[in-house]
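This is the structure I want to talk about, given as structure tokens.
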Amino acid sequence: MGMVARASVLTEAAVVLICFGLWFAGALPAAAGELEQRLSVGKHLRRLNKPSVKSIQSSDGDIIDCVKIADQPAFDHPFLKNHTIQLRPAFHPEGLYDERKVASDQSNNGAHSIAQLWHQSGRCPKGTVPIRRTRREDILRASSVKRYGKKKQRSVPRPFLAEPDFISEGGHQHAIAYVNGDKYYGAKAIINVWEPNIQLPNEFSLSQLWILGGSFGEDLNSIEAGWLVSPELYGDNNTRLFIYWTSDSYQATGCYNLLCSGFIQISSEIAMGASIYPVSEYSGSQYDISILVWKDPKEGNWWMQFGSDNIMGYWPSFLFSYLSDSASTVEWGGEVINSEPDGRHTATHMGSGHFPEEGFGKASYFKKLQIVDASNNLSPPRSISTFTEQSNCYDVQYDSNGDWGSYFYFGGPGRNPNCQ
Ligand SMILES: *[C@@H]1O[C@H](CO)[C@@H](O)[C@H](O)[C@H]1NC(C)=O
Ligand SMILES: *[C@@H]1O[C@H](CO)[C@@H](O)[C@H](O)[C@H]1NC(C)=O
């Protein structure tokens, strides 16, 4: 009878027929489990994929849906039911570098600014936001429907809490630069873009900035943005733009991109989770992206800008506890998962897959690091520190000069004769 009760709420007739077929075949428990999973995947897809006014087929297999700005997933949040969308930040911090000038300056050390692959196939109209459509396979690759679009817990580098279990924390490995001990209201960097090799589908490699508030316990607040290669999340090895947020150390709150209610996007140009194109080549052309995250001192929301003029949108202040005031740590750098296949260190690359010593065109960089200070100005960070768990696997080298300001090279190949 349990079967009949479940069947009565079905909308997918084909599923019902298959199920009853299996029921008659005596496979009731397995079929009920499968049916439940199909239903919850279908329900989750309907929640994520909003009706669109136009859809664009990208050459990497993605479908980009142009969704009316007021129909995006953020507005499923009960606290956002009456929200008035902010179409501009009330405040924009001014910094040391005028990017518009840099963009037209051929001498930008040979590095070019870039955009997204799907732009070759079309653009979204004004008043809509481009959203990468989630496919059934995307959800099925996750450990569960509930975990889809969420990081596994505790993946923030904690350089200043030298805990004994540090290296073994889920196999996360980092090579980062960071500042802490002050109040920060944002951060900015120009990030070199590569497509690092990933040894196993459940590993990833990313380059990002972290804006952190609170202790590194159960209540860590984090805002993150950068690029990521994650076969588990996307089903391919493409380098993709991402954002992330959490207000409870990756437990119940937060997600990547727009995969839960949280970030409110206003840009019709750039899609979160879409492929960045082109990427840098070893001894060849170099490409980089600029990311700025800052807190609007008037409304309290945290805004994000991609490149010199794409204001992407904002995380409403109410999502956070500590970050509703300010951040206490800012980190920039790379992270990979080392799942230790066959008991040895993974060969998954970080950055370009080459060590910092190799320098421009070969090693990956972050440059023009800035933080937003208490007077809401972008300024070079004071007293930067660096951190890596195993410098024989992935390393980081910080320096500063007139051209690049505060910068560092970082990354490495993972497994090598000195890293087993
Ligand atoms: C939204 O507005 C309606 C009508 O003004 C009000 O009844 C409701 O409580 C508001 N909801 C929220 C979450 O603020
Ligand atoms: C991703 O890269 C790995 C190894 O670098 C390769 O084995 C795998 O087939 C690639 N996956 C896709 C979808 O291209």
Side-chain angles (χ1 to χ4, degrees), residues 93 95-97 99 111 151 155-160 172-194 196 204-213 216 220-228 239 241-245 276 280 286-295 302 304-307 323 326-336 350-352 355-356 360 363-373 378-389 391 394-401 403-412:
L96 297 172
Y97 313 101
E99 274 160 29
K151 284 193 183 187
S155 64
V156 170
R158 299 190 293 166
F160 26 89
H172 292 264
Q173 303 252 287
H174 308 87
I176 60 160
Y178 67 93
V179 290
N180 74 311
D182 209 341
K183 287 188 165 201
Y184 309 101
Y185 297 86
K188 186 172 184 181
I190 294 178
I191 309 176
N192 198 193
V193 180
W194 293 82
F204 64 69
S205 181
L206 58 74
S207 294
Q208 65 166 99
L209 53 83
W210 287 261
I211 294 184
L212 302 166
F216 284 72
L220 181 74
N221 287 197
S222 183
I223 287 177
E224 308 174 18
W227 61 255
L228 162 81
T239 302
L241 175 70
F242 82 94
I243 54 168
Y244 200 91
W245 70 275
I276 300 175
S280 305
Q286 297 301 300
Y287 296 92
D288 54 34
I289 56 174
S290 156
I291 289 183
L292 165 64
V293 174
W294 78 100
K295 189 178 162 73
W302 286 88
M304 178 195 163
Q305 180 174 314
F306 175 81
L323 287 178
S326 60
S328 49
T329 302
V330 174
E331 300 175 346
W332 299 263
E335 176 179 338
V336 302
M350 180 191 291
S352 67
F355 283 115
F360 186 78
S364 186
Y365 60 81
F366 276 60
K367 67 179 184 181
K368 298 182 178 175
L369 304 185
Q370 295 181 87
I371 52 107
V372 180
D373 62 22
L378 277 161
S379 60
R382 272 175 295 149
S383 64
I384 277 218
S385 307
T386 60
F387 170 80
T388 184
E389 284 94 350
S391 58
Y394 310 106
D395 206 1
V396 50
Q397 282 181 5
Y398 173 80
D399 208 344
S400 65
N401 66 28
D403 250 12
W404 277 22
S406 291
Y407 72 92
F408 60 91
Y409 286 104
F410 75 104

**Fill in**
Between Met350 and Ser205 the two heavy atoms that sit nearest each other are CA-OG, 3.7 Å
**Request:** State whether the side chain of Thr388 and the backbone N or O of Tyr394 hold a donor-acceptor pair below 3.5 Å, judged by distance alone.
**Result:** yes
**Asked** Any idea which heavy atoms bring Trp194 and Ala363 closest together, and the distance?
**Response** CZ2-O, 4.3 Å
**Asked** Short question: side chain of Gln305, backbone of Gly307 - any donor-acceptor pair under 3.5 Å?
**Response** yes
**Request:** Please report the shortest heavy-atom distance between Ile211 and Ala327, naming the atom on each side.
**Result:** CG2-CB, 3.5 Å
**Message:** Against Gln208, only a single residue in Tyr244, Trp227, Phe242 fulfils side-chain contact (heavy atoms from CB on, under 4.5 Å); can you say which?
**Reply:** Phe242
**Request:** Look up atom OH in Tyr409 and atom CG in Asp395, then write down how far apart they are to the nearest 0.5 Å.
**Result:** 14.5 Å
**Asked** In Å, rounded to the nearest 0.5 Å, how long is the span from CG of Leu369 to NZ of Lys188?
**Response** 12.0 Å
**Prompt:** Looking only at heavy atoms, which two atoms of Pro381 and Gln370 are closest? And how far apart?
**Reply:** CD-CA, 4.0 Å
**Fill in**
Result for side-chain contact (heavy atoms from CB on, under 4.5 Å) between Ser364 and one of Ile191, Val193, Asn192, Asp288 points to Asn192
**Prompt:** Between the main-chain N or O of Ser328 and the side-chain N or O of Asp182, is there a donor-acceptor pair closer than 3.5 Å?
**Reply:** no
**Prompt:** What is the distance from atom CZ of Phe366 to atom CD1 of Ile176, rounded to the nearest 0.5 Å?
**Reply:** 10.0 Å
**Request:** Find out whether Phe204 and Leu228 are in side-chain contact, i.e. whether some heavy atom of one side chain is under 4.5 Å from a heavy atom of the other.
**Result:** yes
**Asked** Is any side-chain heavy atom of Asn401 closer than 4.5 Å to a side-chain heavy atom of Tyr407?
**Response** yes
**Item:** Gap separating the OG atom of Ser280 from the CD atom of Gln286, nearest 0.5 angstrom
**Value:** 4.0 Å
**Item:** Spacing of CG belonging to Leu323 relative to CD1 belonging to Ile223, to within rounding of 0.5 Å
**Value:** 5.0 Å
**Request:** May I ask you to test the Ser379-Ile371 pair for a side-chain heavy-atom distance under 4.5 Å?
**Result:** yes
**Item:** Trp404/Tyr365 aromatic ring centres below 6.0 Å
**Value:** yes
**Asked** Do you know the tightest heavy-atom contact between Glu335 and Trp210?
**Response** OE1-CZ2, 3.2 Å
**Request:** Would you indicate whether the side-chain heavy atoms of Asn180 and Tyr178 approach each other to under 4.5 Å?
**Result:** yes
**Prompt:** Counting only N and O atoms by type, is there a donor-acceptor contact under 3.5 Å from the side chain of Ser290 to the main-chain atoms of Ile190?
**Reply:** no
**Complete:** Interatomic distance, NZ@Lys151 vs NE2@His172, rounded to 0.5 Å, equals 8.0 Å
**Prompt:** Below 4.5 Å, heavy atoms only, C-beta onward: do Glu331 and His174 meet side chain to side chain?
**Reply:** no
**Asked** Is there side-chain contact between Leu378 and Leu292, with at least one heavy-atom pair below 4.5 Å?
**Response** yes
**Message:** Is it the case that the side chain of Trp332 and the backbone of Phe408 share a donor-acceptor pair, with hydrogens and angles ignored and the cut-off at 3.5 Å?
**Reply:** no
**Request:** Could you tell me which non-hydrogen atom of Ala177 sits nearest to which non-hydrogen atom of Ile384, and how far apart they are?
**Result:** CB-CG2, 4.0 Å
